[in-house]
Number of protein chains: 2
Amino acid sequence: MQITRAGEYGVLGMMYLARRDDGAARKTAMIDEVSRAEKVPKSFLAKIFQNLARAGLVKSVRGAGGGFVLAKTPTEITVLEIVEAIEGKITFQRCKQDKPDCKHIGGCALCGLFEQAQGGLTDVLTRTTLDDLIKRQERIDTTHDHSAGRLSNSQKDAIVR
Amino acid sequence: MQITRAGEYGVLGMMYLARRDDGAARKTAMIDEVSRAEKVPKSFLAKIFQNLARAGLVKSVRGAGGGFVLAKTPTEITVLEIVEAIEGKITFQRCKQDKPDCKHIGGCALCGLFEQAQGGLTDVLTRTTLDDLIKRQERIDTTHDHSAGRLSNSQKDAIVR
DNA sequence: TTATTTTAGGACAGAATCAGTCCTATTTAA
DNA sequence: TTAAATAGGACTGATTCTGTCCTAAAATAA
Ligand code: SF4
Ligand code: SF4
């Protein structure tokens, strides 16, 4: 019962994109840049962003000067969307999966409970947008900010060049 | 993001134990009986019940006439307890795991969000006791009851002998 | 005591999923 | 035309899941 690394890297990557274009226009960021900034394996991240692009959460721009941009504003993207774009739809119960082969199917109390439990989870992830997430992050960064592991502005500059 | 078969079988097994001793005293049920009733691989279920026993949710009785009994009343056992006894503590984030090796650790907004999301899930599973679950099941059985896949009373008698 | 019945525990194995890597297109800008 | 970027597929090693099997230990019944 854990989120996969792919899912986590994906959210991290999206956060980077969102935080990158502060203020104004949305600019593309290359996989290489995101990968270094978030300390995540580059080719793995590339695969993950393919999923995000297919799901319509980011737009990919090929060729020199290309990269990825958010396809929508951070307020319009929920964390659940991101995770499900990468890991596939969240379903606790096997019976709600592609291949329902359970003998209990039909009248199973567990099924209802799991649905409810899953709801408790997805509610939180649906209510939280990418924007909420970066605001949380900013709050963390500013309060007990410097030297606290998180990338400082100078480091950020070094990465962005 | 799915419950494992082991976890599900475990809850199913516990439900069987709880439903078995209606009214009065708690009686032991053998693995073989539970396995047949819930249509779950026997030796796999045996392993699962070992976990439940170690967690103190059931008591095991060895030797002829032995088997497993609930160690507490169904109202005192939560579904989360059952699942965690089998799958281990639920932790969405790697950093809260045994081996925290994430570079973002320390000031990570994701960490807080996942904790919250996980809370949404575990809340439901903590509030629901084994007793609640079998009541749900009974409600399902009686409403659109007969022939509906779920074990009928005659089948039950056949199993219990 | 001895045989029988039950769980305990460990070792093992096949399948599936995870966590990547790598290589070859394809697209685009310069 | 060349260089820079993503797209997509194939592939791989590690880990976890889903079991099975065997031997030991405990308890009962004869
Ligand atoms: S046991 Fe119930 S919840 Fe699980 S797969 Fe079967 S029908 Fe669905
Ligand atoms: S990215 Fe954040 S939530 Fe995930 S393991 Fe690292 S610190 Fe924990």
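In what follows, every chain begins at residue 1, and chains take the letters A, B, ... in the order their sequences are listed. Here the structure is a predicted model, which means the values were calculated and not measured.
Considering only side-chain N and O atoms, B:Y9 lies under 4.0 angstrom from the phosphate OP1 or OP2 of D:dG19.
Using a 4.5 Å cut-off on side-chain heavy atoms (C-beta onward), A:L57 and A:I82 make contact.
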Donor-acceptor pairs are to be reported for all side-chain atoms of residues 118-127 of chain A against protein atoms at under 3.5 Å, with residues two or more places apart or in another chain.
unit_1: A:Q118; atom_1: OE1; unit_2: A:F92; atom_2: N; d: 2.9
unit_1: A:Q118; atom_1: NE2; unit_2: A:I90; atom_2: O; d: 3.0
unit_1: A:T122; atom_1: OG1; unit_2: A:Q118; atom_2: O; d: 3.0
unit_1: A:T122; atom_1: OG1; unit_2: A:G119; atom_2: O; d: 3.3
unit_1: A:T126; atom_1: OG1; unit_2: A:T122; atom_2: O; d: 2.4

In the 5'-to-3' direction, what one-character label does each nucleotide of nucleotides 2-7 of chain D receive under the scheme B = base within less than 4.0 Å of a protein heavy atom, S = sugar-phosphate only, - = no such atom?
--BBBB

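Between the CD atom of B:E8 and the C1' atom of D:dC17 there is a distance of 14 Å, given to the nearest Å. Across the protein-nucleic acid pair, B:I3 atom CD1 and D:dT18 atom C1' stand 15 Å apart, rounded to whole Å. When the P atom of C:dA8 is taken as reference, atom NZ of B:K59 falls 13 Å away, rounded to whole Å. Atoms CD1 (A:I48) and C1' (C:dG20) sit 9 Å apart, rounded to a whole Å. In this structure, CZ of A:F44 is placed 14 Å from P of C:dC22, rounded to the nearest angstrom.
Taking a cutoff of 4.0 Å between a charged side-chain nitrogen and a carboxylate oxygen, B:R94 and A:E8 qualify as a salt bridge. Using a 4.0 Å cut-off between a side-chain N of Lys or Arg and a carboxylate O of Asp or Glu, A:R136 and A:D132 do not qualify as a salt bridge.
Residues from residues 76-90 of chain A lying near DNA chain D, meaning a heavy-atom separation below 4.0 Å, are absent.
Nearest heavy atoms, A:L17 versus A:A29: CD2-CB, 3.6 Å. Residue B:A109 comes nearest to A:Q137 through the heavy atom pair N-OE1, 2.9 Å, listed as atom of the first residue, atom of the second, then distance. Between A:C95 and A:I105, the closest heavy-atom pair is CB-CD1, 3.4 Å. When all heavy atoms are compared, the tightest approach of A:I140 to B:G107 is CG2-CA, 3.7 Å. Here the closest heavy-atom approach between residue B:G10 and residue B:I86 is recorded as CA-CD1, 3.6 Å.
Residues passing the ring pair (Phe, Tyr, Trp, His ring centres under 6.0 Å) test with A:F68 are A:F49, sequence neighbours excluded. Judged as a side-chain contact (heavy atoms from CB on, under 4.5 Å), and not counting sequence neighbours, the contacts of A:K59 are A:A71.
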Report, one pair per line, the protein and nucleotides 14-18 of chain C atoms (nitrogen or oxygen only) whose separation is under 3.5 Å.
none

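Residue-to-nucleotide contacts include no donor-acceptor pair under 3.5 Å from the side chain of B:K47 to the base of D:dG19.
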